[in-house]
Amino acid sequence: MSSTDKVFAGSIPKLYDDYLVPMIFAVYAQDIARRVAARSPSVLLEIAAGTGAVTRAVAAALPRGIRYVATDLNEPMLAVAAQRQADDDRITWRQADGMALPFGDGEFDVACCQFGAMFFPDRVKAYGEVKRVLKPGGTFVFNVWDRIEDNVLTHEATMALGTMFPSDPPRFMIRTPHGYYDRDVIRSDLERAGFRDITIETRSEISRAPSAEYVAIALCQGTPLRNEIEARDASKLQAATDLVAEAIQTRHGSGPVEGKIQAIVIEAR
């Protein structure tokens, strides 16, 4: 993982929330919310909450009496999330590293994490931390992206950017968001961390955006892919965005855009 892969700063958090969340994250947030609500937790932990897509969905699915601790490593992302839900006194927002959770043993009924496990430098250690803070019999619900080829718009954007930087193509999307999809590896990592009852399923959805330009802004400017583009040539961010928009429009037309997205959803106890 590159040192810039976990940097969600500057204008990225707001663009991420405005563009990327409705385009690819919201539908999976609803899925996580249904799974969490089915466990009827009294005390819930969220790891890598980002700008709060899951937090909003889960909070809407749970009753008033619960306690909900939402954490993220990146304070700028968490600030956007907290602002969006400032009036919900059930939620405590806390900056925290998933590799060293600042909680006692057995505090939570359920832990959830949407598209964050790919960013853990040591997944077995991070899963061990989740297991430690769960009560006996507690459940860890999380998801990761499947391989990039099963996520059409992201794949097309990555291929387009490769033509702009042929000698050093940006690999963030392949390397990190879509770099942890081997189900056997995921199961093994969880078992090494002490989880035993593990279910893994594939979930395909459709990503929708109002235009190809919207897709390009979401991916090129609302994710750490922006850091990779600017590291190669800071003056080319808009040109890179335009190139991706053109590639998406060529394949999907000048109107609203749709493309397959696919994730892997895991529940472990």
Side-chain angles (χ1 to χ4, degrees), residues 8 11-39 44 46-62 68 70-72 74 76-88 90-91 93 110-119 141-146 148 150-157 173 176-178 181 201-226 248 252 255-267:
F8 291 78
S11 62
I12 290 177
K14 188 173 189 309
L15 289 169
Y16 177 104
D17 196 56
D18 289 347
Y19 286 79
L20 211 63
V21 166
M23 190 173 89
I24 62 173
F25 290 132
V27 64
Y28 287 107
Q30 293 297 327
D31 178 62
I32 291 285
R34 287 191 294 269
R35 294 168 189 269
V36 169
R39 300 288 179 177
L44 170 67
E46 184 180 353
I47 302 161
T51 59
V54 166
T55 322
R56 293 188 287 274
V58 171
L62 294 178
Y68 192 163
T71 71
D72 197 274
N74 292 275
M77 297 285 277
L78 209 58
V80 172
Q83 185 178 36
R84 289 283 304 270
Q85 284 179 274
D87 60 345
D88 194 330
R90 298 172 300 171
I91 304 172
W93 305 96
V110 173
C112 64
C113 178
Q114 169 142 291
F115 301 121
M118 308 90 71
F119 293 88
V141 181
F142 69 107
N143 54 20
V144 297
W145 288 116
D146 210 335
I148 197 168
D150 287 316
N151 289 269
V152 171
L153 301 178
T154 303
H155 181 53
E156 291 172 350
M173 289 296 184
T176 302
H178 298 278
Y181 57 83
E201 66 178 79
T202 300
R203 188 173 185 90
S204 299
E205 298 286 354
I206 298 296
S207 172
R208 294 179 173 86
S211 67
E213 180 185 20
Y214 182 106
V215 175
I217 293 171
L219 296 173
C220 295
Q221 299 187 25
T223 77
L225 181 57
R226 176 180 188 146
I248 298 293
H252 300 273
V257 174
E258 293 188 353
K260 176 188 174 184
I261 48 177
Q262 189 161 292
I264 301 162
V265 186
I266 305 101
E267 297 190 35

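Throughout, residue positions are numbered sequentially from 1 according to the sequence presented. Computed from a predicted model, the values in this text were never measured in an experiment.
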Side-chain heavy atoms of Thr55 within contact of Arg84, under 4.5 Å: no

Quick one: pull up CE in Met173 and NE2 in His178 and give me the separation to the nearest 0.5 Å. 6.0 Å

For atom CD of Glu213, is the number of surrounding heavy atoms from other residues, nucleotides or ligands below 6.0 Å larger than 12? no

Validation row: Arg39, Glu267 side chains within 4.5 angstrom (heavy atoms): yes

Using only atom types and a distance under 3.5 Å, with no angle test, would you say the side chain of Asn151 pairs donor to acceptor with the backbone of Gln262? yes

Could you go step by step and tell me if Arg208 and Val257 meet the side chain to side chain contact (heavy atoms under 4.5 Å, CB included) rule? CA-CA 6 Å; Arg208 294 179 173 86; Val257 174; over 6 Å; no

Show your reasoning for whether side chain to side chain contact (heavy atoms under 4.5 Å, CB included) applies to Glu156 and His252. CA-CA 11 Å; Glu156 291 172 350; His252 300 273; 2.8 Å; yes

Flag side-chain contact, heavy atom, 4.5 Å: Leu62 against Arg90: yes

Flag the pair Asp18 / Leu15 as yes when at least one side-chain heavy-atom distance between them is below 4.5 Å, and no otherwise. no

Ring centres under 6.0 Å, that's the criterion: do Phe115 and Phe142 meet it? no

Roughly how far apart are Gln114 CD and Asp31 CG, rounded to 0.5 Å? 8.5 Å

Heavy atoms of other groups near Tyr28 OH, more than 12 under 6.0 Å: yes

Please check if the distance between the ring centroids of Trp145 and Tyr181 is under 6.0 Å. no

Over all heavy atoms of both residues, which pair between Tyr214 and Pro22 is shortest? Give the atoms and the distance, please. OH-CG, 3.3 Å

Ile261 versus Ser207, closest heavy-atom pair with distance: CG2-CB, 3.7 Å

Grab the two heavy atoms, one from Ile12 and one from Arg226, that are nearest each other, plus how far apart they are. CG1-CD, 4.1 Å

What closest approach, in Å, do Ile248 and Ala157 show between heavy atoms, and which atom pair accounts for it? CD1-N, 4.5 Å

Taking the side chain as every heavy atom from C-beta outward, state whether Val27 and Ile206 have any atom pair closer than 4.5 Å. no

Of the non-hydrogen atoms in Ser204 and Lys260, which two are nearest, and what is the gap between them? OG-CE, 3.9 Å

Which heavy atom of Leu20 sits nearest a heavy atom of Gly222, and at what distance? CD2-O, 4.3 Å

Sidechain N-carboxylate O distance under 4.0 Å for Glu201, Arg35: yes

Is Asp17 salt-bridged to Arg56, cutoff N-O under 4.0 Å? yes

Heavy-atom distance under 4.5 Å between the side chains of Arg203 and Ile264, does that happen here? no

Once rounded to the nearest 0.5 Å, what's the spacing between atom SG of Cys112 and atom CD1 of Ile47? 8.0 Å

Side-chain heavy atoms of Asn143 within contact of Ile266, under 4.5 Å: no

Residue list, side chain to side chain donor-acceptor pair (under 3.5 Å) with Tyr68, at least two apart or on another chain: Glu46

Kindly indicate whether the side chain of Pro76, heavy atoms from C-beta on, has any atom under 4.5 Å from the side chain of Pro13. yes

